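Okay, so here's the structure we're looking at.
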Amino acid sequence: MRYWEDFEPGRVETFGAYTVTEDEIVAFGRAYDPLPFHVDPEAAADGPYGGLTAPGLLTCAIFMRILVDNVLSQSASMGSPGVDSVRWPRPVFAGDTLSVRQETVEARVLNSRPELGLVKNRFTVLNQDGEAVAELASNALFRRRTAPA
């Protein structure tokens, strides 16, 4: 179990492996972002990216799945007060295998709730070639292992 004390500023780790399928790109695109380059492989071939690409929010959902499976499900997570930024510097294509690099930027105790700590992380979602396909700056709350009485 990971607690607030286990998130050391400067620590970098990489984890996960999730292969994106054409079916999930098209299904997500049809439901939430029905642009031709997300839902129609033939139209996407002539589109701006030369092929079918995952919507950015699907990339974020996959990021979250990887994060939960590899970190949050084994931690004293108390949720998140928000994401400060998100960018998609490169498209995600069917067949790409994604992993996540997490860098802990800051960890501090909450003055208003000393039993909790806030962790600021910088996440980079990488494809199989090590290229960044998403970058997120995020905040998370974790219980402290040894909270004041």
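These figures come from a predicted structure and were not determined experimentally. When reading the values below, keep in mind they use all heavy atoms of this one structure, side chains included, and skip hydrogens, waters and symmetry mates.
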Looking only at non-hydrogen atoms, find the nearest pair between [X] and [Y] and report the distance.
{"X": "Gly79", "Y": "Ser77", "answer": "N-OG, 3.3 Å"}
{"X": "Leu141", "Y": "Pro81", "answer": "CG-CD, 4.0 Å"}
{"X": "Val83", "Y": "Ser138", "answer": "CG2-OG, 4.1 Å"}
{"X": "Gly29", "Y": "Pro55", "answer": "CA-CG, 4.1 Å"}
{"X": "Cys60", "Y": "Val86", "answer": "SG-CG2, 3.8 Å"}
{"X": "Met1", "Y": "Arg145", "answer": "O-NH2, 3.8 Å"}

About how many Å separate [atom2] of [Y] and [atom1] of [X], when rounded to the nearest 0.5 Å?
{"X": "Ile25", "Y": "Leu52", "atom1": "CD1", "atom2": "CG", "answer": "5.0 Å"}
{"X": "Asp84", "Y": "Leu136", "atom1": "CG", "atom2": "CG", "answer": "10.5 Å"}
{"X": "Leu116", "Y": "Arg113", "atom1": "CG", "atom2": "CZ", "answer": "4.5 Å"}
{"X": "Asn127", "Y": "Ser99", "atom1": "CG", "atom2": "OG", "answer": "8.5 Å"}
{"X": "Tyr18", "Y": "Asn70", "atom1": "OH", "atom2": "CG", "answer": "13.0 Å"}
{"X": "Gln102", "Y": "Ile66", "atom1": "CD", "atom2": "CD1", "answer": "12.5 Å"}

Going through the distances and angles, do Met78 and Arg143 end up as a side chain to side chain contact (heavy atoms under 4.5 Å, CB included)? CA-CA 7 Å; Met78 299 300 289; Arg143 286 193 316 268; 3.6 Å; yes
Between Ser73 (side chain only) and Val68 (backbone N and O only), is there a donor and an acceptor less than 3.5 Å apart? yes
Strictly distance-based, threshold 3.5 Å: is any side-chain N or O of Arg90 a donor or acceptor partner for the main-chain N or O of Ala132? yes
Can a salt bridge be assigned to the pair Glu8 and Arg2 using a cut-off of 4.0 Å between side-chain N and carboxylate O? no
pair [X]-[Y]: side-chain heavy atoms closer than 4.5 Å:
{"X": "Leu57", "Y": "Phe28", "value": "yes"}
{"X": "Leu58", "Y": "His38", "value": "no"}
{"X": "Val71", "Y": "Phe7", "value": "yes"}
{"X": "Phe15", "Y": "Leu67", "value": "yes"}
{"X": "Val100", "Y": "Thr124", "value": "no"}
{"X": "Ser75", "Y": "Phe142", "value": "yes"}
{"X": "Val109", "Y": "Trp4", "value": "yes"}

Could you work out, with side-chain contact (heavy atoms from CB on, under 4.5 Å) as the rule, every residue matching Glu103, not counting sequence neighbours? Val12, Arg122
Can you check side-chain hydrogen bond (donor to acceptor under 3.5 Å, both in side chains) on Thr104 and Asn121, steps first, answer last? CA-CA 5 Å; Thr104 300; Asn121 289 298; 3.1 Å; yes
Under the criterion side-chain hydrogen bond (donor to acceptor under 3.5 Å, both in side chains), I'd like the reasoning laid out for Thr97 against Thr19: C-alpha separation, chi angles, the key distance, then a yes or no. CA-CA 4 Å; Thr97 299; Thr19 301; 2.7 Å; yes
The side-chain hydrogen bond (donor to acceptor under 3.5 Å, both in side chains) partners of Arg11 (sequence neighbours excluded) come to none
Under a 4.5 Å side-chain heavy-atom rule over Ile, Leu, Val, Met, Phe, Trp and Tyr, are [X] and [Y] clustered together?
{"X": "Leu35", "Y": "Val133", "result": "no"}
{"X": "Phe93", "Y": "Val125", "result": "no"}
{"X": "Leu110", "Y": "Val105", "result": "no"}

Which residue pairs pass the ring pair (Phe, Tyr, Trp, His ring centres under 6.0 Å) test with at least one member in residues 44-63, sequence neighbours excluded? Phe37-Tyr49, Phe63-Phe123
Side chain to side chain contact (heavy atoms under 4.5 Å, CB included) assessment of Leu98 paired with Val20: CA-CA 8 Å; Leu98 306 182; Val20 183; 3.9 Å; yes
Report the C-alpha distance between Glu5 and Arg144 in whole Å, list the side-chain angles of each, state the deciding distance to 0.1 Å, and finish with yes or no for side chain to side chain contact (heavy atoms under 4.5 Å, CB included). CA-CA 6 Å; Glu5 292 88 346; Arg144 293 177 64 196; 3.6 Å; yes
